[in-house]
Number of protein chains: 2
Amino acid sequence: MSLSQKCQYALRAILELAKRQGPGPTTTAEIAEAQGIPPRFLELILGQLRHGGFVESRRGVRGGYLVQRSPQALTVGEVIRFIDGAVAPVRCLAGRKGTDCPLFGSCAFMGMWTRARDAVADVYDTTTFQDLIDEELAVAEGYVASYCI
Amino acid sequence: MSLSQKCQYALRAILELAKRQGPGPTTTAEIAEAQGIPPRFLELILGQLRHGGFVESRRGVRGGYLVQRSPQALTVGEVIRFIDGAVAPVRCLAGRKGTDCPLFGSCAFMGMWTRARDAVADVYDTTTFQDLIDEELAVAEGYVASYCI
DNA sequence: ATTATCCCGATTGAGTCAATAGGGATTTGG
DNA sequence: CCAAATCCCTATTGACTCAATCGGGATAAT
């Protein structure tokens, strides 16, 4: 029940770009530095995100990456599904290869798996990157406040 | 975001035993047959469930396994945590080794991960094995009904 | 005593995943 | 036009996890 490391890096990378909207592109190295991601691995991930239309790239000197979609309109769920595939607690619900469950149709667990999947999917699909930016500010303020007290 | 095969086998095995309450013990072979589980692997899993106090064993001829806890009082969540460990969408929430997130405390995602975990945990913790038995009957009837129409 | 069954430790084999490597293409700036 | 910075693509490694199997030991009913 866990997302791949790659997926978490992807989310953090997009968040970083969303935070840096406005000025020019941000380089792989800057994102890697800011988010603690292995630079070479990040390169791979950004390439994939580019193919998915999540980010835009500029090549050459002064190049880098930009968010392609508005943080208000991009949900975490979309990114997760793109990188890791379907959100599902068990393989037979993911619809991948090997739907080899011998209980097809008469599975007592199916209802529960579906409910679990829908519950998580709802959380991911209702969280936008703008929400995360707001959250980060709130968390930071919260920490300052706790120091004051 | 998926449970191990082992965990699913464990759940199915316990369900099978719960359905067979009353008469004597059920052998590994019978459970394996009924639930489509590799027999030798099932042996391993039942041993583990026994150590966890979920099932009881009888050795020798006419031996086998019995549920040790009432299906009304045993939740799916308990079994999942025992076999697979903490239910969590990301490693840093599972509290295992390698809480190596470089964002400790200032992580914008933490709130969302927590919400996702709680949502799934709630589903698992509110589903008992009795619920699954009832569900299985309902599903079976549902299929009959759909054939009638 | 024999047989059915659980019991335990070790091990294999396959597969996934995180991460790295090498070298190519493109753009800016001088 | 050259050089540096940067993205771009494919392949590969190494580590680790996980599903499954094996061999043989202990126990209990008949």
Side-chain angles (χ1 to χ4, degrees), chain A residues 1-13 17 24-33 35-52 54-66 68 80 83-85 90-92 94 96-98 100-102, chain B residues 1-13 17 24-33 35-52 54-66 68 80 83-85 90-92 94 96-98 100-102:
Chain A
M1 156 93 194
S2 67
L3 299 181
S4 69
Q5 192 67 15
K6 184 177 175 184
C7 186
Q8 293 179 61
Y9 288 157
L11 294 171
R12 302 222 297 260
L17 289 177
T26 309
T27 65
T28 301
E30 288 170 323
I31 300 170
E33 168 80 12
Q35 292 286 336
I37 303 172
R40 220 60 207 276
F41 194 22
L42 178 58
E43 221 176 287
L44 200 70
I45 295 164
L46 285 168
Q48 199 171 334
L49 289 174
R50 183 179 133 260
H51 281 118
F54 295 95
V55 304
E56 188 191 335
S57 68
R58 299 275 170 78
R59 289 166 78 149
V61 177
R62 298 261 183 112
Y65 290 90
L66 300 149
Q68 188 148 33
I80 292 178
I83 299 287
D84 270 2
V90 291
R91 213 172 295 158
C92 64
R96 300 200 214 191
K97 60 169 184 180
D100 48 359
C101 179
Chain B
M1 156 96 195
S2 67
L3 300 180
S4 69
Q5 192 67 15
K6 183 178 174 183
C7 187
Q8 294 179 61
Y9 288 158
L11 294 171
R12 301 223 296 259
L17 289 176
T26 309
T27 66
T28 302
E30 287 170 322
I31 301 170
E33 166 80 11
Q35 291 287 336
I37 304 172
R40 220 61 205 276
F41 193 24
L42 178 59
E43 222 176 284
L44 198 70
I45 296 164
L46 285 168
Q48 199 171 336
L49 289 174
R50 184 179 132 262
H51 281 117
F54 295 95
V55 303
E56 187 191 335
S57 68
R58 299 273 170 80
R59 289 167 77 151
V61 177
R62 298 264 182 109
Y65 290 90
L66 300 149
Q68 187 149 34
I80 291 177
I83 298 289
D84 270 1
V90 291
R91 213 173 295 158
C92 64
R96 301 200 214 191
K97 59 170 185 181
D100 49 358
C101 178

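The chains referred to below are lettered A, B, ... by the order of the sequence lines, with proteins before strands, and numbering in each begins at 1. Worth saying up front: this structure is predicted, and the values here are computed from it rather than measured. No hydrogens, no waters, no symmetry mates; every other heavy atom, side chains included, goes into these values.
Rounded to whole Å, the distance from CG on B:Asp84 to P on D:dA19 is 8 Å. Taking atom CG of residue B:Leu46 and atom P of nucleotide D:dA20, one finds them 14 Å apart after rounding to whole Å. Straight-line distance from the CG atom of A:Leu42 to the C1' atom of D:dC7: 12 Å, rounded to whole Å. Atom CZ in A:Phe41 sits about 17 Å away from atom P in D:dC9, given to the nearest Å. Taking atom CD on B:Glu33 and atom P on C:dT5, their separation rounds to 14 Å, with Å as the unit. To the nearest angstrom, C1' of C:dA18 lies 14 Å from CZ of A:Arg12. Rounded to whole Å, the distance from CZ on B:Arg58 to P on D:dT30 is 13 Å. Atom CZ in B:Arg91 sits roughly 9 Å away from atom P in D:dT17 (whole-Å rounding).
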Pairs under 3.5 Å (N/O, protein and nucleotides 21-23 of chain C):
residue: C:dG22; atom: N7; partner: A:Arg40; partner atom: NH2; Å: 2.9
residue: C:dG22; atom: O6; partner: A:Arg40; partner atom: NH2; Å: 2.4
residue: C:dG23; atom: O6; partner: A:Arg40; partner atom: NH2; Å: 3.3

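Taking CD from A:Gln5 and CD1 from A:Ile37, the interatomic distance works out to 9.0 Å, rounded to the nearest 0.5 Å. Between the CG atom of A:Leu11 and the CD1 atom of A:Ile83 there is a distance of 8.0 Å, given to the nearest 0.5 Å. Of the inter-residue distances, the one linking B:Asp84 atom CG with B:Gln8 atom CD reads 9.0 Å to the nearest 0.5 angstrom. Going from atom OG1 of B:Thr26 over to atom CZ of B:Arg58 covers 11.0 Å, rounded to the nearest 0.5 Å.
Counting only heavy atoms from C-beta on, B:His51 has its side chain closest to C:dC8 among D:dC8, C:dC8, D:dA19. Here the side chain of B:Arg59 is nearest to one of C:dA25, C:dT20, C:dC6, namely C:dC6. Of the candidate nucleotides D:dA19, C:dA18, D:dT6, D:dT6 has the atom nearest to the side chain of A:Thr27. Here C:dA4 is the nucleotide among C:dA4, D:dA19, D:dC8 with the atom lying nearest to any side-chain atom of B:Val61. With D:dC8, D:dT30, C:dT3 as the choices, the nucleotide that has an atom nearest any side-chain atom of B:Arg62 turns out to be D:dT30. For A:Lys6, taking side-chain heavy atoms from C-beta onward, the closest of the listed nucleotides D:dC7, C:dC6, C:dA18 is C:dA18.
With respect to B:Leu49, the side-chain contact (heavy atoms from CB on, under 4.5 Å) criterion is satisfied by exactly one of B:Val55, B:Leu17, B:Leu44: B:Val55.
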Working note: A:Gln48 + A:Phe54, criterion side-chain contact (heavy atoms from CB on, under 4.5 Å); need CA distance, chi angles, decisive distance, verdict.
CA-CA 9 Å; A:Gln48 199 171 334; A:Phe54 295 95; over 6 Å; no
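Phosphate proximity of C:dA19 to A:Tyr9: present, with a side-chain N or O under 4.0 Å from OP1 or OP2. A:Arg50 has a side-chain polar atom (N or O) that falls below the 4.0 Å cut-off from OP1 or OP2 of D:dC8.
B:Tyr65 is not listed as a side-chain neighbour of B:Pro25, based on a closest heavy-atom distance of 4.5 Å or more.
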